[in-house]
Amino acid sequence: MPRPHGFTYARRPDGSVTITHGERAASTLRGERAERFLAEVEGDDPQLVMARWTGNYKRGNERTARNHPRNR
C-alpha cells in the first residue's frame with residue numbers, strides 16, 4: 001500500500017485541530033482528542049497519523065487482497 005500523503009493540520013485559537021487532505025477538511029478534533037492527536041503527530045510519521053485519525057488509511061486494494069487465493 002502506498003504511503004499516505006497530502007494531509008496537513010492546523011491548530012485553531014480555540015484549541016481545536018483541523019485536518020485537511022488536499023484542499024478539503026477531513027476531520028476536526030476538539031478537546032482531549034485534539035490534545036492526544038497533537039501528542040501523537042509530534043512523535044510518529046505525521047502523514048500516517050493524520051490518515052489514521054481521519055479514517056482515510058485503507059484505500060485501494062483491500063478487496064483485491066481479501067479475495068486473492070493465497071488469503072482464503
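When a residue number appears, it is its place in the shown sequence, counting from 1.
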*How would you list, by chain and number, every residue that makes a ring pair (Phe, Tyr, Trp, His ring centres under 6.0 Å) with Tyr9, sequence neighbours excluded?*
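Ring pair (Phe, Tyr, Trp, His ring centres under 6.0 Å) list for Tyr9, sorted by chain: Phe37.
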*Can you name the closest pair of heavy atoms from Ile19 and Thr54 and give their distance?*
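Taking Ile19 first and Thr54 second, the nearest heavy atoms are CG2-CG2, 3.7 Å.
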*Closest approach of Ala34 and Gly15, non-hydrogen atoms and distance?*
CB-O, 3.7 Å
*For Thr28, which residues count as a side chain to side chain donor-acceptor pair (under 3.5 Å) partner, sequence neighbours excluded?*
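In terms of side chain to side chain donor-acceptor pair (under 3.5 Å), with neighbours along the sequence ignored, Thr28 is linked to no residue.
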_For the backbone of Arg12 and the side chain of Ser16, can you confirm whether one donor and one acceptor N or O come within less than 3.5 Å of each other?_
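Pair absent, no side-chain N/O of Ser16 close to backbone of Arg12.
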*Taking only residues at least two apart or on different chains, which pairs with a member in residues 20-37 satisfy salt bridge (charged side-chain N to carboxylate O under 4.0 Å, His left out)?*
Glu32-Arg36
_Close side-chain approach of Leu29 and Ser27, heavy atoms under 4.5 Å_ =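 They are in side-chain contact.
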*asked:* According to salt bridge (charged side-chain N to carboxylate O under 4.0 Å, His left out), who are the partners of Arg11, at least two apart in sequence or on a separate chain?
replied: Glu42
_I'd like to check the side chain to side chain contact (heavy atoms under 4.5 Å, CB included) partners of Thr8; sequence neighbours left out, ordered by chain and number._
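So Thr8 forms a side chain to side chain contact (heavy atoms under 4.5 Å, CB included) with Thr20.
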_Nearest-0.5 Å distance that lies between atom CZ in Phe7 and atom CD in Gln47_ = 7.0 Å
